[in-house]
Chemist: 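One structure, as structure tokens, below. Some questions next.
Whatever order the structure lists them in is the order used to number ligands and atoms, beginning at 1.
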Amino acid sequence: MPLDEWKDRRVHTDNESVTRTAEIVRQTLYQRKYSIIAVVALMLTGSAVMLVQPLFFKMLFDTAIPEKNAELIWWLLAGMVATPLLAIGISYFQGHLRVRIGASVALALRKAVLNHLLHVRLDALDKIPKGDIVYRITRDGGKIGEMYIAQELLPVFSSSIVLAGALVMMFLLNVELAAVFCLALPATYLITRYLTRYSKEMDRRTHAQVKAGESFLYEVVNAFRTIRMFTGEDNAKSRWAGHMDRFAWLKMRGDALHDIMLTFPNEVINGVVLGVLLGFGAFQAMDGDVTIGSLVAIMAYAPRAYAALRSVLTTYTGTRLIDISVQSLNELFELPVEAGSGEVHEITADDKPPDIEFSGVHFKYERGYEVKDLSFTVKGGEFVGIVGPSGGGKTTIIDLLTRMQEPASGRISIDGTDILNVQLESLRSRVAVVPQDVFIWNASFADNIAYPETEYEMEEVERVVRASALHEFIQKQPDGYETVAGEDGTALSGGEKQRLAMARAFMRSSSDILVLDEATSALDALAEEKIRTAVEQARTGRTTIVIAHRLSTIRHADRILVIDEGRLVESGTPRELVDGGGIFARMYEAQALDFE
Ligand SMILES: Nc1ncnc2c1ncn2[C@@H]1O[C@H](COP(=O)(O)OP(=O)(O)OP(=O)(O)O)[C@@H](O)[C@H]1O
Ligand SMILES: [Mg+2]
């Protein structure tokens, strides 16, 4: 469905989603306003303390030394030692507060993004590599909160105070010298501006490269087994090396740009200005226009003012660069959410197993596969088998029924209610699916089976596990039901995964539609027979749809639907279809074994 149409149907009206990231940052900063006030107060105090020390220098040279006032020297000494210590202490506390503020912004962003993604349409999500999503949530969230807010934006308060304060003090001490110093400011500003423009492009490219690298790494980590199986080590190594080379090149250029265009000229300016200031100051001192004390104090203020200026300019740069990350998160926030605006009904299971009806359903994947004018009904309590060639659209039908995908036209209804008007959660909780691709969490067997419930009765888990012919297997595990199943179930056999998925579906006692999508394809005939009995029991009070290639799985079905190229091509009882001599009959013949 085009995005425009989408917007009308969304419940979460994200019209302002473009500024969603900024909005979350603002909200979080507002919640942290007292911490921010404390930071600013500490910065004010710290800056004031920083600005006092050079005055002690002046007093030392202009008063204490000429007057040979030992007592005053002692006092000044104490002051000169105490001020930096105090300034460091204050800076430690405000730094700590800044880090906490920054972290809370990152946390809020990371929470909000995941919350949003949990409701985003699957087809939209499928287009973004998973590693990319992980990168955006963790790194971009961190860059905005932990880096930008904490290390760049908040320090700008104290830097500006120090800069302004130091300049004022310098002008008060000697207008000419202060004016000489000010000549350095525009040059530094221009250098930074120039550099920012270039580094933005560099940053964008580095950002894209790091993201691509991490996405690839994410794939590699998931493919460790496949890589070994196909001896793809060299392929992985060279692709990874390619990513790293590109990254190293970008980093080298970025660093060089930074060093040559920012650090180096600025240090030159700093050094030259200090030299000019001192030389010019010496002439002035000779003429008696400035005291030695004032000159020393100015020489102490100058590097502070310069460092503060650099810090203000870093914020300026950071503010321009951060929108790469902001945009990156906004792109996720802009992904369309699943829920439709027509979701008025909650449909909860009642005593009667529900009727399911597809009427004139059209659907098309972007890549071209189409479901065309699909109409069929499954009566409440019926057991319907769906068969058909691989890629014919069987799983797609289940995705349509559970609204993982939405039809372009036509209507899918449960007990007469169009599922587009049904709250997603209530729809999906009615359907217990044993999917073709089983996902296993890196959690205990018990938690995996009871998923998503975290509190459950162990007896119930054991009951469904027995029904799924998995009990014996779990008994043999070192910690029984508490054994960790292992990430993505790589430590389980195909059939074990299927049986676990079966148990998970049986756990959903409130679901009155049971769907098995190739759920027993990996099982031996004996285990399958056992599960068939369990399904037979589970069928009571439920409408059951079983997709299978192996026809023995559905030989007891009330009715069979044959799906090919997105169309319903045959339907009837197994007997009728065999006698009819169509696709089903041919599949039946092909599967009838003959050992003679
Ligand atoms: N997310 C997707 N995006 C684009 N095309 C898809 C997507 N999922 C499936 N398809 C395509 O849609 C067609 C039907 O797929 P589907 O999974 O429904 O087939 P199936 O009948 O379940 O096949 P099998 O028996 O092999 O499981 C296939 O050609 C497949 O390539
Ligand atoms: Mg399938």
Chemist: Does atom CE of Met147 have more than 12 heavy-atom neighbours, drawn from other residues, nucleotides or ligands, at distances under 6.0 Å?
Modeler: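 Atom CE in Met147 is not crowded, with 12 or fewer foreign heavy atoms closer than 6.0 Å.
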
Chemist: Under the criterion side-chain hydrogen bond (donor to acceptor under 3.5 Å, both in side chains), which of Thr138, Asp140, Asp132 is the partner of Arg136?
Modeler: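 Option passing the side-chain hydrogen bond (donor to acceptor under 3.5 Å, both in side chains) with Arg136: Asp132.
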
Chemist: Does even one non-hydrogen atom of Glu366 get within less than 4.0 Å of ligand 1?
Modeler: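 No, Glu366 has no heavy atoms under 4.0 Å from ligand 1.
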
Chemist: Might you confirm whether atom NZ of Lys530 has over 12 heavy atoms from other residues, nucleotides or ligands at distances under 6.0 Å?
Modeler: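 Atom NZ in Lys530 is not crowded, with 12 or fewer foreign heavy atoms closer than 6.0 Å.
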
Chemist: Tell me if the aromatic rings of Phe439 and Trp441 count as close, with their centers under 6.0 Å from one another.
Modeler: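 Aromatic pair counts; centres sit under 6.0 Å.
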
Chemist: Around atom CD of Glu529, are there more than 12 heavy atoms from other residues, nucleotides or ligands closer than 6.0 Å?
Modeler: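 Yes.
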
Chemist: Name the closest protein heavy atom to atom 3 (N) of ligand 1, giving the residue it belongs to and the distance to 0.1 Å.
Modeler: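 Heavy-atom neighbour on the protein nearest atom 3 (N) of ligand 1: Tyr365 CD2, 3.5 Å.
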
Chemist: Select the closest option to atom 25 (O) of ligand 1 among Lys364, Lys127, Lys394, judged by heavy-atom distance.
Modeler: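 Considering heavy atoms of Lys364, Lys127, Lys394, the nearest to atom 25 (O) of ligand 1 sits in Lys394.
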
Chemist: So that I can check it, does any N, O or S atom in Ser390 come closer than 2.8 Å to the Mg ion (ligand 2)?
Modeler: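 Within the cut-off used here (under 2.8 Å), Ser390 places no N, O or S atom near the Mg ion (ligand 2).
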
Chemist: Name the closest protein heavy atom to atom 26 (O) of ligand 1, giving the residue it belongs to and the distance to 0.1 Å.
Modeler: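 Nearest protein contact, heavy atoms only, for atom 26 (O) of ligand 1 is Ser390 OG, 2.7 Å.
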
Chemist: List every atom of ligand 1 that sits less than 4.0 Å from any heavy atom of His549, numbering the atoms from 1 in the order shown and giving each element.
Modeler: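 Listed by number with element: 25 (O).
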
Chemist: Quick one: nearest non-hydrogen protein atom to atom 14 (C) of ligand 1, plus distance?
Modeler: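 Going by distance alone, atom 14 (C) of ligand 1 is nearest to Gly391 O, 3.4 Å.
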
Chemist: Nearest heavy atom to atom 15 (O) of ligand 1 wins, so pick from Thr396, Val371, Asp517, Leu122.
Modeler: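 Nearest option to atom 15 (O) of ligand 1, by heavy atoms: Thr396.
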
Chemist: Report yes or no: is the cationic atom of Arg20 (NZ for Lys, CZ for Arg) closer than 6.0 Å to the six-membered ring centre of Phe333, at no more than 45° off its axis?
Modeler: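 Arg20 over Phe333 ring: yes.
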
Chemist: Quick check on atom 30 (C) of ligand 1 - does any protein heavy atom sit closer than 4.0 Å to it?
Modeler: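 No, because not a single protein heavy atom sits under 4.0 Å from atom 30 (C) of ligand 1.
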
Chemist: Considering heavy atoms of the protein only, find what lies nearest to atom 27 (O) of ligand 1 and give residue, atom and distance to 0.1 Å.
Modeler: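 Of every protein heavy atom, Gln436 NE2, 2.7 Å lies nearest to atom 27 (O) of ligand 1.
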
Chemist: Would Thr396 and Gln405 count as a side-chain hydrogen bond (donor to acceptor under 3.5 Å, both in side chains) here? Give the steps.
Modeler: CA-CA 8 Å; Thr396 304; Gln405 307 289 354; over 6 Å; no

Chemist: Where is the nearest protein heavy atom to atom 17 (O) of ligand 1: which residue, which atom, and how far?
Modeler: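 Of every protein heavy atom, Thr395 CB, 3.5 Å lies nearest to atom 17 (O) of ligand 1.
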
Chemist: Centroid separation under 6.0 Å, is that true for the rings of Phe445 and Tyr481?
Modeler: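 Centroid separation for Tyr481 and Phe445: 6.0 Å or greater.
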
Chemist: Report yes or no: does Thr396 have an N/O/S atom closer than 2.8 Å to the Mg ion (ligand 2)?
Modeler: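 Not a single backbone or side-chain N, O or S atom of Thr396 is under 2.8 Å from the Mg ion (ligand 2).
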
